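Here is the structure we will look at.
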Amino acid sequence: MEHHVADSFGHWSEICSRSFVPLLACPRTLTTCADDDFTAHITTRHLGPVRLAHVSSGASRIVRSGRLIAAEPREDVLLSLQIAGAGTVTQGGRQADLSPSQAALYETDRPYELRFDRPMSEYVVQAPRSLVRIAPAAARRSTAIPVAGRSTAVLRHVVQELLTAEESLDAVQDEMYGHIVLELLADGIRTLDDGEAEGALSGESLVASAQAIMERDSADPQLTIESVARRLGISRRSLEKLFADHGATTPAAHLRRARLRRAERLLVRSDATIAAIGYAAGFSDERTFYRAFRRCHDMPPNEWRTRQGRHHGG
C-alpha cells in the first residue's frame, strides 16, 4: 500500500493525479484562501488493474476538465463511497449529493467535479471500464446518481478491510479480490440502470460477497458455510448452488483454501508450533489442519516449513 499526505492544493493536485487520473485540486470557492490549514491524506492499494483508495481532506474541489482529458485520455469508471462529511459528484448535467453511506459513479473520459464544503472522508474504487461487466451505455446512464444499495454496502466493507489490513496479499488473493470488487461494482451499476430493488444482489455478487467473508474471517474457527450463508440471507444449499452455477469451487473448498493460505504465511513468518498455527489459521484441531495441509501440498506442514526455510535461506 502507498500513503501520501498533502498540505497544499498544488501538492494535492499532484498526488490525486498520480493516484487516479490527471486532476486539479482547488479551494471550494474563489474567495477561499488557497492553502490555509488545508491537509489531505490518501492510502491506495492496487489489485492488478483495480485501484482502491481511502481519501480524507479538508474542504476542496477536485476537477477533471476537458483539457486534462485531452492531455491523458482514460476510460475508467470510479465509485466514491462517502464515509464522513458531505460531498457532491457532478457529471453530464447531473449532480449527486452524497451523505455518509451513499455512493456515486463517474467516468474519466468526460469532465467531472467533486466538491466538499467541509472536511470529508471517502473510499474510491477505480477500474478500467473494459473490465467492468456492464454495457458502457449503462455505466454512462448511471453516473452522478446517488446509490445506497446492498452491493455498494458490501463493496464498502470489502474496500475497508483491504485498506486497513496489515497483511500483504499473495497473487491468488490479489486476483480474487480484484474480481470481487469488479463484480460488486458491476452489480451496483446494474441496480442503478435497471431500477432494481436496493437489496438485490446478483448471483455473481453473492458468490463474491461469500468469498470476501471467508477470506476476511477465515481465522475464526466458528466460521462455517452455514454462517456465511446466513449473513447473506440465503441457505447453505442456495450458496452451494450459486458457487456451482458461477464456475467457482465449492464454498467449503474455498474456505479451506483461505485457511491454508493463512497457515502458509504463518509457517513462513512465525516460529509457533504446528498446532498453534493450525488454530490461528481457523482450523478446529491439529489433526484437521494436518490432513488438509498434506492433501494440498503432498507433505506435512512441518516438512513444508523446513523446505521453505531452505529455499529462502539459499
Side-chain angles (χ1 to χ4, degrees), residues 1-4 41-48 50-54 123 154-181 207-231 239 243 248-314:
M1 283 194 286
E2 299 179 5
H3 307 273
H4 298 284
H41 308 258
I42 185 169
T43 298
T44 59
R45 170 166 243 161
H46 289 224
L47 303 171
V50 178
R51 179 171 296 185
L52 311 178
H54 181 197
Y123 295 130
V154 174
L155 180 57
R156 181 191 305 271
H157 195 68
V158 171
V159 172
Q160 179 182 4
E161 291 294 329
L162 289 168
L163 288 171
T164 56
E166 295 182 0
E167 291 183 348
S168 59
L169 301 179
D170 59 33
V172 174
Q173 289 175 308
D174 190 270
E175 180 179 355
M176 187 205 68
Y177 272 116
H179 170 74
I180 289 171
V181 170
V207 170
S209 300
Q211 290 173 333
I213 291 169
M214 287 187 270
E215 290 291 329
R216 185 182 67 243
D217 297 337
S218 60
D220 180 2
Q222 301 301 313
L223 185 72
T224 64
I225 305 308
E226 287 83 359
S227 65
V228 172
R230 278 197 303 272
R231 291 193 204 181
L239 184 60
F243 268 64
T249 184
T250 65
H254 189 95
L255 179 56
R256 182 169 56 249
R257 189 69 194 101
R259 286 173 168 154
L260 285 171
R261 279 196 296 269
R262 187 180 294 270
E264 289 161 9
R265 293 195 295 272
L266 291 171
L267 284 166
V268 171
R269 301 173 187 175
S270 166
D271 294 327
T273 65
I274 299 301
I277 285 174
Y279 288 123
F283 289 92
S284 57
D285 58 75
E286 183 179 6
R287 184 177 180 182
T288 301
F289 169 47
Y290 189 95
R291 187 168 56 246
F293 196 96
R294 184 158 195 157
R295 189 182 303 124
C296 179
H297 292 286
D298 293 323
M299 67 182 74
N302 53 342
E303 182 181 343
W304 186 88
R305 171 192 260 174
T306 300
R307 292 193 181 191
Q308 293 299 308
R310 289 173 186 163
H311 174 73
H312 293 299

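Quantities reported herein were computed from a predicted structural model and do not represent experimental measurements.
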Nearest atoms (heavy-atom pairs only) where Leu162 meets Met1: O-SD, 3.9 Å
Reported CG-to-OG1 distance for the pair Leu267 and Thr306, which is rounded to 0.5 angstrom: 9.5 Å
Cationic N near anionic O, under 4.0 Å, Glu226 to Arg230: no
Trace of the side-chain contact (heavy atoms from CB on, under 4.5 Å) decision for Phe243 with Thr250: CA-CA 6 Å; Phe243 268 64; Thr250 65; 5.8 Å; no
Distance-minimising heavy-atom pair for Leu266 and Ala281: CD1-N, 4.3 Å
No-hydrogen, no-angle side-chain donor-acceptor test under 3.5 Å, Glu215 and His254: yes
Electrostatic pair Arg231-Asp217, nearest N-O below 4.0 angstrom: yes
Main-chain N/O of Met214 paired with Arg259 side-chain donor or acceptor, under 3.5 Å: no
Smallest separation among heavy atoms of Phe283 and Arg256, with atom names: CZ-O, 4.2 Å
Reported CD1-to-NE2 distance for the pair Ile42 and His4, which is rounded to 0.5 angstrom: 7.5 Å
Output side-chain donor-acceptor pairs under 3.5 Å for residues 285-295, partner residues at least two apart or in another chain, one line each.
| unit_1 | atom_1 | unit_2 | atom_2 | d |
| --- | --- | --- | --- | --- |
| Asp285 | OD1 | Arg287 | N | 3.1 |
| Asp285 | OD1 | Thr288 | N | 2.7 |
| Asp285 | OD1 | Thr288 | OG1 | 2.9 |
| Asp285 | OD2 | Thr288 | OG1 | 3.1 |

CD1-CG distance between Ile225 and Leu239, expressed to the nearest 0.5 angstrom: 7.0 Å
Between His54 and Thr43, a side-chain donor and acceptor under 3.5 Å: no
Electrostatic pair Glu264-Arg257, nearest N-O below 4.0 angstrom: yes
Spatial distance of atom CG (Leu255) from atom CD1 (Ile213) [nearest 0.5 Å]: 11.0 Å
Main-chain N/O of Leu223 paired with Ser227 side-chain donor or acceptor, under 3.5 Å: no
List the atom pairs, with distances to 0.1 Å, where a side-chain N or O of residues 270-278 and a protein N or O form a donor-acceptor pair under 3.5 Å, not counting sequence neighbours.
| unit_1 | atom_1 | unit_2 | atom_2 | d |
| --- | --- | --- | --- | --- |
| Ser270 | OG | Ala272 | N | 2.9 |
| Thr273 | OG1 | Ala276 | N | 3.1 |

Ala53 backbone acceptor or donor facing Arg45 side chain under 3.5 Å: no
Exam field: side chain Asp174 to backbone Gly48, donor-acceptor pair closer than 3.5 Å: yes
From CG (Leu163) to OH (Tyr123), nearest 0.5 Å: 6.5 Å
Test ring-ring contact (aromatic ring centres under 6.0 Å, His included) applied to Tyr279 - qualifying residues, sequence neighbours left out: none
Approximate separation, where rounding is to 0.5 Å, of Met299 CE and Trp304 CH2: 9.5 Å
Side-chain touch Leu155/Val159, heavy atoms, less than 4.5 angstrom: yes
Heavy-atom side-chain contact between Thr44 and Leu52 under 4.5 Å: no
Smallest separation among heavy atoms of Ala280 and Ala219, with atom names: O-CB, 3.4 Å
